[in-house]
Amino acid sequence: MLSYKHGYHAGNEADVLKHICLIQAYKSIKRHHKSITYIDTHSGSGIYKFDSDYMSKNKEYIRGITKLENYKFENQSINYYLKVLRNINNSKKLLFYPGSPLIMNHLTDNLDKLLFYELHNNEFNLLRKNLSKNINAKICNEDGFVFLDKINANRKTLALIDPSYEIKDDFNKVLNTLAILNAKFENLTAIIWYPVLNIEKNDLFIENVRKIGSNRITRIELPLKQYDEEVGMKGSGIILFDGSPYLINLMRDCVRELYLLLKDGYCNIRPKIQKL
Ligand SMILES: C[S@@+](CC[C@H](N)C(=O)[O-])C[C@H]1O[C@@H](n2cnc3c(N)ncnc32)[C@H](O)[C@@H]1O
């Protein structure tokens, strides 16, 4: 039984990092590929209204998108992300936060194919409704980790793997998936989001990623609080599989800027962009 609802967290600092990386990954791939397949293994419902019960409960977006809405500086990736959110909202003031499916529905063109997985029935039904106009999108009410069987090795593929980690086994599934991607796929870029919960668990996860022994993996980690023993998320990261040097450089600049804008009080842990 799944209880996670992304509406409680939408627009928070983790969504900001993940969606900026997703947008830039797509843009950088489209510089070289006319047509790609996008796969979202854990899609959510796609639209999160700021005045909904979920969003109003914890107001996590105040720690994320709200801190960026009046951004006046020059980082291209942040400015482009804000432009995309405003275009999707059709308004300068954001009325809802768009999830990854809406962002990709907006960015992709008729030559791209989109494949979405969402296991939760309610979220799946909402997503189907929210994407009903997109004829290039296929939406499956299935476990997203089966996506490996659906990859067409001849087409450039971008995958977002964004589990809720409400099941501890998600960390192992992510590690297994990465090992398979590394062993079998040459034509795929993947963005795998992970939460930083505490230093020991995080070090262990990163060590396990390192043990896969791939030279195609980059860690992009944005700490926002001290990694102490308090319960809750201390930051988040992305395991970027086969990202281009261009994308990695963009993310390096962007994460430094996000760290200054989003960090929560005193934090002496620095952002990390490193090959694992
Ligand atoms: C973190 S949210 C996704 C957020 C979305 N990717 C975005 O950026 O807007 C994770 C979603 O995965 C769904 N989910 C959980 N386990 C799943 C599984 N095995 N396969 C597909 N979806 C799953 C949850 O119901 C939830 O909606």
For the pair [X] (side chain) and [Y] (backbone), establish whether a donor and an acceptor sit closer than 3.5 Å, ignoring hydrogens and angles.
X      : Y      : value
Asn141 : Glu118 : yes
Asn89  : Ser91  : no
Gln24  : Leu247 : no
Asp170 : Tyr165 : yes
Asn125 : Asn121 : yes
Asn105 : Pro101 : no
Asn202 : Asn198 : no
Asn130 : Ser45  : yes
Thr66  : Tyr61  : yes
Ser77  : Ile20  : no

[X] and [Y]: side-chain donor and acceptor closer than 3.5 Å?
X     : Y      : value
Lys5  : His120 : yes
His6  : Tyr8   : no
Tyr97 : His9   : no

Locate the shortest heavy-atom distance separating [X] from [Y]; write the atom from each residue and the value.
X      : Y      : result
Ser100 : His19  : N-NE2, 3.6 Å
Gly11  : Val16  : O-CG2, 4.2 Å
Ile139 : Arg128 : CD1-CA, 3.8 Å
Leu158 : Ile191 : CD1-CD1, 4.3 Å
Leu148 : Ile180 : CD1-CD1, 3.8 Å
Phe116 : Leu131 : CE1-CD1, 3.5 Å

Would you please indicate if the ring centroids of [X] and [Y] are separated by under 6.0 Å?
X      : Y      : answer
Tyr48  : Phe96  : no
His42  : Phe145 : yes
Tyr117 : Phe147 : no

### Query
Are Thr41 and Asp143 close enough, and set up right, to give a side chain to side chain contact (heavy atoms under 4.5 Å, CB included), and what steps lead you there?
CA-CA 8 Å; Thr41 60; Asp143 181 349; over 6 Å; no
### Stepwise side chain to side chain contact (heavy atoms under 4.5 Å, CB included) test for Leu250 and Ser28
CA-CA 10 Å; Leu250 282 180; Ser28 70; 5.7 Å; no
Taking the side chain as every heavy atom from C-beta outward, state whether [X] and [Y] have any pair of such atoms under 4.5 Å apart.
X      : Y      : result
Thr157 : Ile36  : no
Lys113 : Arg155 : yes
Lys49  : Tyr54  : no
Leu178 : Ile217 : yes
Leu240 : Met251 : no
Tyr259 : Arg270 : yes
Ile65  : Glu69  : yes

What distance separates [X] [atom1] from [Y] [atom2], expressed to the nearest 0.5 Å?
X      : Y      : atom1 : atom2 : answer
Glu60  : Met55  : CD    : CE    : 9.5 Å
Phe124 : Glu142 : CZ    : CD    : 9.0 Å
Asn87  : Ile103 : CG    : CD1   : 12.0 Å
Asp112 : Asn134 : CG    : CG    : 10.0 Å
Tyr194 : Leu175 : OH    : CG    : 11.5 Å

### cation_pi(Arg31, Tyr246) dist<6.0 Å, angle<=45
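Yes, Arg31 lies over the aromatic ring of Tyr246.
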Answer yes or no: are there more than 12 heavy-atom neighbours, outside [X] itself, under 6.0 Å from its atom [atom1]?
X      : atom1 : result
Ile135 : CD1   : no
Asp53  : CG    : no
Lys275 : NZ    : yes

Can you give the donor-acceptor pairs under 3.5 Å from side chains of residues 207-215 to other protein atoms, not counting sequence neighbours?
from	atom 1	to	atom 2	distance (Å)
Glu207	OE1	Arg210	NE	3.4
Asn208	ND2	Leu204	O	3.3
Ser214	OG	Asn182	OD1	2.9
Ser214	OG	Arg216	N	2.9

### Query
side chain to side chain contact (heavy atoms under 4.5 Å, CB included) between Thr218 and Leu276: does it pass, once the steps are laid out?
CA-CA 6 Å; Thr218 306; Leu276 291 181; over 6 Å; no
### Query
With the threshold set at 4.0 Å, does a side-chain nitrogen-carboxylate oxygen contact exist between Arg63 and Asp264?
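Not counted as a salt bridge, because no side-chain N and carboxylate O are separated by less than 4.0 Å.
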### Message
Between Lys30 and Asp109, does any side-chain N to carboxylate O distance fall below 4.0 Å?
### Response
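A salt bridge links Lys30 with Asp109.
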#### Entry: Verdict with reasoning, Tyr26 to Tyr38, per ring-ring contact (aromatic ring centres under 6.0 Å, His included)
CA-CA 9 Å; Tyr26 175 74; Tyr38 169 69; 7.9 Å; no
### Task
Please report the C-alpha distance between Leu107 and Ile23 in whole Å, then the side-chain angles of each, then the deciding distance to 0.1 Å, and finally whether the side chain to side chain contact (heavy atoms under 4.5 Å, CB included) criterion is met.
CA-CA 8 Å; Leu107 286 180; Ile23 292 169; 3.9 Å; yes
